[in-house]
Amino acid sequence: MSKNRITREEALAFHLEPTPGKWEVNATVPMTTQRDLSLAYSPGVAVPCEEIAENPELAYDYTNKGNLVAVISNGTAVLGLGNLGALGSKPVMEGKSVLFKRFADVNSIDIELDTEDPDEFIKAVRLMGPTFGGINLEDIKAPECFIIEQTLKEQLDIPVFHDDQHGTAVICAAGLINALHISGKKIEDVKIVLNGAGAAGIACIELLKRMGARHENCIVCDTKGVIYQGRTEGMNQWKSAHAIKTELRSLEEAMNGADVFLGVSVKGAVTQDMVASMADNPVIFAMANPDPEITPEEAHEVRQDAIVATGRSDYPNQVNNVLGFPYLFRGALDIHARAINDEMKIACAEALAELAREDVPDEVAMAYGRKLTFGRDYIIPTPFDPRLIHRVPPAVAKAGMDTGAARRPIIDMDAYELGLKTRMDPTASILRGINARARNAQARMIFAEGDDVRVLRAAVMYQRQGLGKALVVGRENDVKEKLEAAGMGDAVRELEVVNAANTRHLETYKQFLYERLQRKGFDRHDIHRLAARDRHVFSALMLAHGHGDGMITGATRKSAHVMELINHVFDADASHGAAGVTAILHKGRIVLIADTLVHEWPDEEDLANIAERSADVARHLGIEPRVAFVSFSTFGYPRSERAEKMHLAPRVLERRGVDFEFEGEMTVDVALNPQAQAAYPFQRLSGPANILVVPARHSASISVKLMQEMAGATVIGPILSGIDASIQICSSTSTATDILNMAVLASCKVG
């Protein structure tokens, strides 16, 4: 965690830029013509209104109700921060909304209710109930959360789910299934000790009892000690339900001989002596946040046979609610469920447990930088496992159907699972894998333009996120002043600032450069000016001599000019096979466009080179390349001399015997649309192209900038490929995040 710390400035900037907050509303229907408006609103909207009034179930067909969840809080128990009030909870609720979308494609709206009165809260939610397909309650203090949830469940005919209770319980149950499997114990036999009798703790113990744990084997503790029959101090009806007949009075006494410890309490609540007193192969779920009741290191010092889980991402076996609530709601919404019942929660836990016992896909292992295998350090799936979306919701949906919670059962489960597989945005996993490879590489990244505050922000983020070492080329005083002006003065001592004045390698650099350029019209005075005064050339020389592993530049100068300067040090021009490839990410698709950087007007041989360079980049991104040579013609019609080279380029690749799919020439719609491709059954692409090789640099540039400005696409690149060194050139309009993304690519040596 120390390698990936987040400053207040970064957190605030993330929520401020590019627009305040974390989500926005987009229309899913055309809204351009008068007819569109008439259909979307008056008079056309009257028709579905009448249909829904006659049959309310049709709201799931004609509105977004069936994929819309409200995330609702009053801010009385915000994370570990306490009662921040309704408005203070809004960033958390917005965050929960985007997690719903990111992990399960569930649309979500955050709602903050300014009341601590349970009756007012209940009334407000009940009155807005018809809008939503489900209600996710969040960050409401106990015991009010119990009253609110139970009452709303009784009053509403849609799922009402308090994630702080049941989300933790479901993931805890999943982990416990596998922990007991490893230790060879059965849930009905084990002695379970729970410390923390708040919302999450009560939900955990209730769900485990539904799964077979015996009431008399479960000991619940709070700040007053064991909850036993006859205790009156600090009791309420929810605690009383779990009181047992026992002489034990303290957590320490309860832990003696226990098989399982569940902690949703506070840091340090469990001592090593307590762990030492537990039964063989003890299971310890120390889930207090941000710091567990006892750390895995402390537990393993006294009990190497312990299976330990925490709520933290920097330890194995993270009990993370994001493994549960998105997929529970996905399954519940897809059957138009009346509720999320215990059977659905247990089905979710069992599906998660089963998934952890299976072989882990390579992309997951790559994202986490290590091979994950079922065992003591891997009993719960990771949140970024791509199988979650198509394994957990079907299990939840089936349980809902079996228990009568479904309004509209799913008839074809195979088709449902297939639909879930194709529903999620694949670009997120691609970018996550790149970041994981960068973190493993720990590259020394040269940021050439230390006189620009965006570059400095990116350098600080690169280092603070644990991606490697940031080397900033610039003047120390200038760097310090700019960081202080940006509110990041504390970062000055973290960065290594390098320049011609403080390096002992300048003479070596100059000699190297003179040998390259002496027959190109450069004398020693020219060489000195380039090496000592131009930051792009100086940075390239650092890289050429192994004094850095990658280089980022281009934020302050036009890319063509930067390429000329880099070419003084490296062979980075068209004659040496270099190419620029730009990644376009839009609506769950990723398409590479080339050449956006090097070739002004390539011939068919150049185009073939560009295709090969692009295929290299695609594979580094985890994409199996499908190349289309695009033009205004398709397979020879209409005929044009300017399209001829696009027609010939595939023949060049045929002669070379490349190992990726390619086809052309064709128009962009044929390249990207499977239905359009079906009109040409002889064509060789097995699906939509993900690499578009265009006729010239100007057409590539126009395509990229048009997608960026008109469609709001995310643009990464151009990625410089086909040279020996790892150099990436940013756009002069790049944000600090864009520059950081390019640094991540450079550290992976993409292309």
Side-chain angles (χ1 to χ4, degrees), residues 77 141-147 149-150 162 164-166 168-169 172-173 175-176 179-180 183 185-288 292-294 299 302-303 306-309 311 319 342:
K141 69 182 178 72
E144 288 89 339
C145 62
F146 300 118
I147 300 168
E149 185 192 42
Q150 185 57 44
H162 184 210
D164 298 309
Q165 295 181 58
H166 309 297
T168 301
C172 173
L176 188 58
L180 295 179
S183 60
K185 299 178 183 180
K186 295 181 179 179
I187 193 169
E188 60 268 24
D189 298 331
V190 294
K191 175 184 175 182
I192 301 173
V193 176
L194 166 69
N195 193 48
I202 295 294
C204 285
I205 207 68
E206 286 182 346
L207 187 62
L208 294 181
K209 287 180 179 179
R210 286 298 305 268
M211 294 172 63
R214 294 178 180 171
H215 175 76
E216 61 271 19
N217 289 347
C218 298
I219 303 173
V220 178
C221 301
D222 62 9
T223 56
K224 308 294 184 184
V226 172
I227 295 173
Y228 57 89
Q229 288 183 4
R231 193 183 112 173
T232 58
E233 186 181 8
M235 295 295 287
N236 57 43
Q237 66 188 79
W238 297 278
K239 292 181 182 181
S240 296
H242 301 285
I244 64 169
K245 188 175 182 180
T246 178
E247 297 300 319
L248 302 173
R249 292 296 181 265
S250 69
L251 176 62
E252 183 178 11
E253 292 173 359
M255 288 283 279
N256 188 24
D259 298 284
V260 177
F261 168 78
L262 306 177
V264 278
S265 52
V266 294
K267 174 185 178 181
V270 174
T271 66
Q272 288 183 319
D273 287 341
M274 293 181 191
V275 172
S277 73
M278 295 179 72
D280 291 342
N281 293 305
V283 177
I284 301 168
F285 282 18
M287 299 176 286
E293 286 82 358
I294 186 169
V302 294
R303 293 299 297 269
I307 299 172
V308 186
V319 179
D342 284 343

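Being a predicted model, the structure only gives us computed values, none of them experimental. The residues of the chain are indexed from 1 along the displayed sequence.
Looking only at side-chain heavy atoms (C-beta outward), V193 and L251 come within less than 4.5 Å of each other. In this structure, R303 and D280 have side chains that are in contact, with non-hydrogen atoms separated by less than 4.5 Å. Contact of the F285 side chain with the L194 side chain is not registered, since no non-hydrogen atoms from C-beta on lie closer than 4.5 Å. Using a 4.5 Å heavy-atom threshold, the side chains of Q165 and E206 count as separate. Between E216 and K245, the closest side-chain pair of non-hydrogen atoms is not below 4.5 Å.
Legend: residues meeting ring pair (Phe, Tyr, Trp, His ring centres under 6.0 Å) with H166, ordered by chain and number and at least two apart, are F161. By the salt bridge (charged side-chain N to carboxylate O under 4.0 Å, His left out) test, E144 pairs with K141, sequence neighbours left out. With sequence neighbours excluded, the residues that form a side-chain contact (heavy atoms from CB on, under 4.5 Å) with S240 are M235.
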Test log, rule side-chain contact (heavy atoms from CB on, under 4.5 Å), inputs C172 and L262: CA-CA 8 Å; C172 173; L262 306 177; 3.7 Å; yes
Might you work through the side-chain contact (heavy atoms from CB on, under 4.5 Å) test for E253 and V226, ending with a clear yes or no? CA-CA 9 Å; E253 292 173 359; V226 172; over 6 Å; no
Report the C-alpha distance between N281 and I307 in whole Å, list the side-chain angles of each, state the deciding distance to 0.1 Å, and finish with yes or no for side-chain contact (heavy atoms from CB on, under 4.5 Å). CA-CA 7 Å; N281 293 305; I307 299 172; 5.8 Å; no
Mind running side-chain contact (heavy atoms from CB on, under 4.5 Å) on V190 and N217 for me, showing each step along the way? CA-CA 7 Å; V190 294; N217 289 347; over 6 Å; no
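Of all heavy-atom pairs spanning C145 and A199, the tightest one is SG-CB, 3.6 Å. Of all the heavy atoms in A197 and I202, the pair that sits closest is O-CG1, 3.6 Å. In this structure, V319 and A309 approach most closely via the heavy-atom pair CG2-CB, 4.1 Å. The two atoms that bring T168 and C204 nearest to each other are CG2-SG, 4.0 Å, heavy atoms only. For the residue pair V264 and G201, the shortest heavy atom distance occurs at CG2-CA, 3.5 Å. For the pair C221 and A254, the tightest heavy-atom approach, listed with the atom from each and the gap, is SG-CB, 4.3 Å.
From E149, atom CD reaches atom NE2 of H162 across 7.0 Å, with rounding to the nearest 0.5 Å. A distance of 5.0 Å separates NZ of K209 from NE2 of H242, quoted to the nearest 0.5 Å. Atom CE of residue M278 and atom CD1 of residue I284 lie 5.0 Å apart, to the nearest 0.5 angstrom. Note that the SG atom of C218 and the CD1 atom of I227 stand 12.0 Å from one another [nearest 0.5 Å]. Between the CG atom of D222 and the CD atom of E233 there is a distance of 8.5 Å, given to the nearest 0.5 Å. The distance from the CD1 atom of I192 to the CZ atom of F261 is 12.5 Å, given to the nearest 0.5 Å.
Under the 3.5 Å distance criterion, the side-chain polar atoms of Q150 are left unmatched by any main-chain donor or acceptor of F146. Judged by distance alone, with hydrogens and angles left aside, the side-chain atoms of K239 form no donor-acceptor pair with the main-chain N or O of V220 at under 3.5 Å. Although no hydrogens or angles enter the test, the distance criterion places no donor-acceptor pair under 3.5 Å between the side chain of Q272 and the main chain of V302.
Residue pairs meeting the side chain to side chain donor-acceptor pair (under 3.5 Å) criterion with at least one partner in residues 256-270, sequence neighbours excluded, are K185-D259, N195-S265, S265-E293. Listed by first then second residue, pairs satisfying ring pair (Phe, Tyr, Trp, His ring centres under 6.0 Å) with a partner in residues 208-230 number zero, not counting sequence neighbours. Applying the salt bridge (charged side-chain N to carboxylate O under 4.0 Å, His left out) test to residues at least two apart or on different chains, none of the pairs has a partner in residues 188-203.
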